[in-house]
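Heavy atoms only: backbone and side chains are in, while hydrogens, waters and symmetry mates are out. Proteins come first, then strands; the chains are lettered A, B, ... in the order of their sequence lines, and each starts at number 1.
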There are 2 protein chains.
Amino acid sequence: MAMTNMDDGRVFQIGELAEEFGLTLRTMRFYEDYGLLKPERDGFARRYKHRDRAKLSLICRAKRLGFTLEEIKQFLELYAIGDHQVGQMQYLLDRARARAVTIEQQIEDGKQTLNELREIEAQIERHLTKQSGPHDTDAADGKAKGRELP
Amino acid sequence: MAMTNMDDGRVFQIGELAEEFGLTLRTMRFYEDYGLLKPERDGFARRYKHRDRAKLSLICRAKRLGFTLEEIKQFLELYAIGDHQVGQMQYLLDRARARAVTIEQQIEDGKQTLNELREIEAQIERHLTKQSGPHDTDAADGKAKGRELP
DNA sequence: GCCGCACCTTACGTTAACGTAAGCTGCCAG
DNA sequence: CTGGCAGCTTACGTTAACGTAAGGTGCGGC
């Protein structure tokens with residue numbers, strides 16, 4: 001009668017979920033303080049139910065996507081008020097698109113940076129091979145300084 | 001004899017270089033405290049010479065490449081001791097390559113994230129178009145909650 | 001009856017790269 | 001001489017997302 005193994009009625013304690021999602025206890029509690037989670041209490045201990053676990057899953061995923069906790073909080077609030085709020089849904093879509101734009105930008109920047117780095121690598125390599133030939137044992141004490149960077 | 005317009009003998013004051021490189025005075029001084037720059041002093045005022053300007057240029061470039069100030073500091077020290085230190089040069093090359101790997105990773109992560117975001121966008125759009133047809137005026141007060149995130 | 005474990009709370013510490021405010025100096029124009 | 005600007009120093013504040021430490025609770029086992 002106690003139904004302790006029905007999947008929907010399953011309760012988790014903090015350590016279980018922390019391990020499942022690769023978080024620390026501190027992080028779980030922090031999310032609660034932040035307003036992302038509100039598990040019930042069994043006396044003093046937190047009791048996470050199926051819905052809390054789903055929320056936590058969303059939080060982790062959004063974090064992987066690079067959203068801030070503040071944004072995630074707003075997302076959760078949007079979901080909490082229900083889908084009939086089309087305007088809010090539109091807002092959520094906007095946020096996702098904005099994030100996509102940011103990431104595209106970052107990718108472009110990264111490619112540009114990579115190109116510059118490749119050039120620098122090449123220059124250093126030329127520098128090294130040039131010196132590995134005629135290696136002056138200790139010449140040019142103070143005058144070698146002042147060379148412009150690649 | 002004073003040679004005040006020889007390009008090599010030109011001295012800059014802090015505000016000039018700050019504007020040229022798009023930095024604040026605070027930032028310039030911070031870099032000095034951090035050990036990246038050591039301009040001479042004319043009494044109390046900082047006097048930046050041609051070499052300092054070149055260094056600053058390197059610093060800004062390295063920052064654009066995503067290196068930390070700590071790394072940049074080490075680079076500058078490597079340059080200061082001269083090129084005959086092949087081992088150090090090799091180290092510098094390693095750092096550049098490591099940074100390149102990091103950026104490649106970031107680009108890959110970004111692409112992955114973009115894919116996930118695209119999916120989410122699509123789902124939200126489906127959600128919106130579905131609702132824009134038969135819009136229920138205010139039904140489903142409390143039971144609409146609990147929907148799993150896309 | 002005590003051990004140890006899993007959990008709890010409160011609250012200060014951390015990192016990077018500056019921002020910002022308060023109060024001072026030196027110099028030049030009017 | 002006064003105003004104003006450009007520069008100076010010192011030192012605390014900021015942001016995000018937790019880390020870490022100190023000290024307390026409840027419970028099951030030996």
Exercise for review: Find the distance A/L69:CG to D/dC18:C1' and express it as a whole number of Å.
Suggested key: 9 Å
**Study point:** B/Q13 vs B/R46, side chain to side chain contact (heavy atoms under 4.5 Å, CB included): CA-CA, chis, key distance, verdict
**Key:** CA-CA 6 Å; B/Q13 56 184 17; B/R46 292 168 175 82; over 6 Å; no
Revision key, fill the gap. Rounded to whole Å, CZ of B/F67 lies from P of C/dA16 at a distance of 16 Å
**Study point:** Nearest heavy atoms of A/M28 and A/L23, plus distance in Å
**Key:** SD-CD1, 4.0 Å
Practice item. Grab the CD-C1' distance between A/E16 and C/dC5 for me, whole Å please. Key: 15 Å
Exercise for review: Could you check whether A/Q13 gets within reach of a base, just the sugar-phosphate, or nothing at all, counting any heavy atom under 4.0 Å?
Suggested key: sugar-phosphate
Check your understanding: When you check the gap from the basic side-chain N to the acidic O, do B/E104 and A/R118 get nearer than 4.0 Å?
Key -> yes
Review point. Could you state the CZ-C1' distance from B/F44 to D/dA6, rounded to the nearest angstrom?
Key: 8 Å
**Study point:** Electrostatic pair A/E20:A/R53 at N-O distance under 4.0 angstrom
**Key:** yes
Study note, to complete from the structure: To the nearest angstrom, the CG-P distance between A/L25 and C/dA6 comes to 10 Å
**Study point:** Salt-bridge criterion met for B/E32 and B/K38 (N-O under 4.0 Å)
**Key:** no
Review point. Taking only N and O in the side chain of A/R46, is any of them less than 4.0 Å away from OP1 or OP2 of C/dC7?
Key: no
**Study point:** Under-4.0 Å salt bridge between A/E71 and A/R95
**Key:** yes
Revision key, fill the gap. When rounded to whole Å, the CZ to C1' distance for the pair A/R47 and D/dG26 reads 12 Å
**Study point:** Presence of B/K73 side-chain N/O under 4.0 Å of C/dA16 phosphate oxygens OP1/OP2
**Key:** no
Review point. Roughly, in whole Å, what's the span from CD in A/E71 to C1' in D/dA16?
Key: 13 Å
Review point. Quick one, which residues of residues 26-37 of chain B touch DNA chain C with a heavy atom under 4.0 Å?
Key: B/R26, B/T27, B/F30, B/Y31
Exercise for review: Starting at CZ of A/F67, measure out to CG of A/L58 and round the result to the nearest 0.5 Å.
Suggested key: 10.0 Å
Study note, to complete from the structure: Taken to the nearest whole Å, CG/A/D42 to C1'/C/dA6 is 14 Å
Review point. Is the shortest side-chain N/O distance from A/T24 to OP1 or OP2 of D/dC18 below 4.0 Å?
Key: no
